[in-house]
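A quick write-up on the structure given underneath.
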Amino acid sequence: AGAHLATDVVVAGLAAAGFAVDLNAGKQAPAQGKAAATPLPDTLEGMRDLRVTLQLPSGDSSGGRLADREVPVAELQAGAGQALVLLVGSRPVVEDLLLSALVATRAFASTNALLVPIVFEDADAGEAPAPAGPKGFGVSKQLKAAQQPYVAPALEPASWSRALDEEVSAARAQGNAGPVPFDPVDKGLIFVLGAGQRVLQRRLGRPPQWGDFLDEVARDMDSSVGIAS
């Protein structure tokens, strides 16, 4: 693993270590006491039928025009072997993650990874408020960041939030247990899903370098070949 991992919270996902990591030191810590109560699953099978929107060739005679297509996670990963990078957090955090990725657009050109932005909704909080209308240059950059070909918007975000509830609850429990309690949803959580919705990585916050992170995702995907059925 590269040196950048020392400054970011990461769990390489082939061990079901859950969020038993030191969120303040940014490195893996041994599972102890209450933090190790219930290991998180290796796979997020509840996501296989959830759908994203992709821009794909329309298939007509319109000269290669792209059209939106709804694709289930299972189909996308089985057919195209895509790694899905779930960007989970409050709306400002998810927007910030997408903007940071926009700066590194070239790094996505040679990768087989898609970003799935998910504004997390608590089960008892009701539907998240709609974003305000566009105002100024900052919002135009946000729209551009969300419309990149490597971004696959999640359909029915509330369903994605429910599928991630156990993961987010585990992260929150650990965040609350630290010397300075915090809500990881306000810092951003990243989940990397490989074939069979296997969790390859769990991260807190923005990757220091998107290029290095995507290289690591590619290595994780190569290592997981044959593990997931």
Distance from Ser159 atom OG to Glu121 atom CD, nearest 0.5 Å?
-> 9.5 Å
Hey, does Val217 have a side-chain heavy atom less than 4.5 Å from the side chain of Leu200?
-> no
Spacing of CD belonging to Gln197 relative to CZ belonging to Arg48, to within rounding of 0.5 Å | 5.5 Å
Can you tell if the side chain of Val151 reaches within under 4.5 Å of the side chain of Pro117, non-hydrogen atoms only?
-> yes
What is the minimum heavy-atom distance between Pro184 and Ala171, and which atoms define it?
-> CG-O, 3.4 Å
Any side-chain heavy atom of Gln148 within less than 4.5 Å of one from Leu115?
-> no
When rounded to the nearest 0.5 angstrom, what distance separates CD in Glu95 from OG in Ser90?
-> 9.0 Å
For residues Glu166 and Pro41, determine if any side-chain heavy atom of one lies less than 4.5 Å from a side-chain heavy atom of the other.
-> yes
Atom pair CG (Leu99) and NZ (Lys144), whose distance is rounded to the nearest 0.5 Å = 11.0 Å
Closest heavy-atom pair, Leu214 versus Ala107, reported as atoms and distance to 0.1 Å, is CD1-O, 3.6 Å
Evaluate the side-chain hydrogen bond (donor to acceptor under 3.5 Å, both in side chains) criterion for residues Ser169 and Arg172: first the C-alpha distance (whole Å), next the side-chain angles of each, then the deciding distance (0.1 Å), finally the verdict.
-> CA-CA 5 Å; Ser169 294; Arg172 280 174 161 168; over 6 Å; no
Show your working on side-chain contact (heavy atoms from CB on, under 4.5 Å) between Tyr150 and Leu102 and close with a plain yes or no.
-> CA-CA 10 Å; Tyr150 53 79; Leu102 181 62; 4.2 Å; yes
Run the numbers on Phe120 and Val94 for side-chain contact (heavy atoms from CB on, under 4.5 Å), then give the verdict.
-> CA-CA 9 Å; Phe120 186 78; Val94 171; over 6 Å; no
Any side-chain heavy atom of Lys187 within less than 4.5 Å of one from Phe182?
-> yes
Thr53 side, atom OG1; Asp68 side, atom CG - distance, nearest 0.5 Å = 6.0 Å
Decide yes or no for Leu84 and Leu76: does some side-chain heavy atom of the first lie under 4.5 Å from some side-chain heavy atom of the second?
-> yes
Smallest separation among heavy atoms of Thr43 and Arg198, with atom names | CG2-CA, 3.7 Å
Only one of Leu114, Val71, Leu193 passes side-chain contact (heavy atoms from CB on, under 4.5 Å) with Gln77, and that residue is Leu193
Going from CG on Asp96 to CG on Leu87, what distance comes out if it is rounded to the nearest 0.5 angstrom?
-> 10.5 Å
The single option from Val192, Ile190, Leu189, Leu40 that satisfies side-chain contact (heavy atoms from CB on, under 4.5 Å) with Arg202 is Leu40
Checking side-chain contact (heavy atoms from CB on, under 4.5 Å) for the pair Leu164/Met47: CA distance, chi angles, key distance, verdict?
-> CA-CA 9 Å; Leu164 286 165; Met47 295 203 156; 3.2 Å; yes
Which atom names give the shortest non-hydrogen contact between Ala113 and Gln82, and what distance separates them?
-> N-OE1, 3.6 Å
Can you tell if the side chain of Trp210 reaches within under 4.5 Å of the side chain of Thr111, non-hydrogen atoms only?
-> no
Do the side chains of Arg206 and Val93 get nearer than 4.5 Å, heavy atoms only?
-> no
Are Asn112 and Met221 close enough, and set up right, to give a side-chain contact (heavy atoms from CB on, under 4.5 Å), and what steps lead you there?
-> CA-CA 9 Å; Asn112 206 23; Met221 288 290 286; 5.8 Å; no
How far apart are the closest heavy atoms of Leu54 and Ala152, and which atoms are they?
-> CD2-CB, 3.6 Å
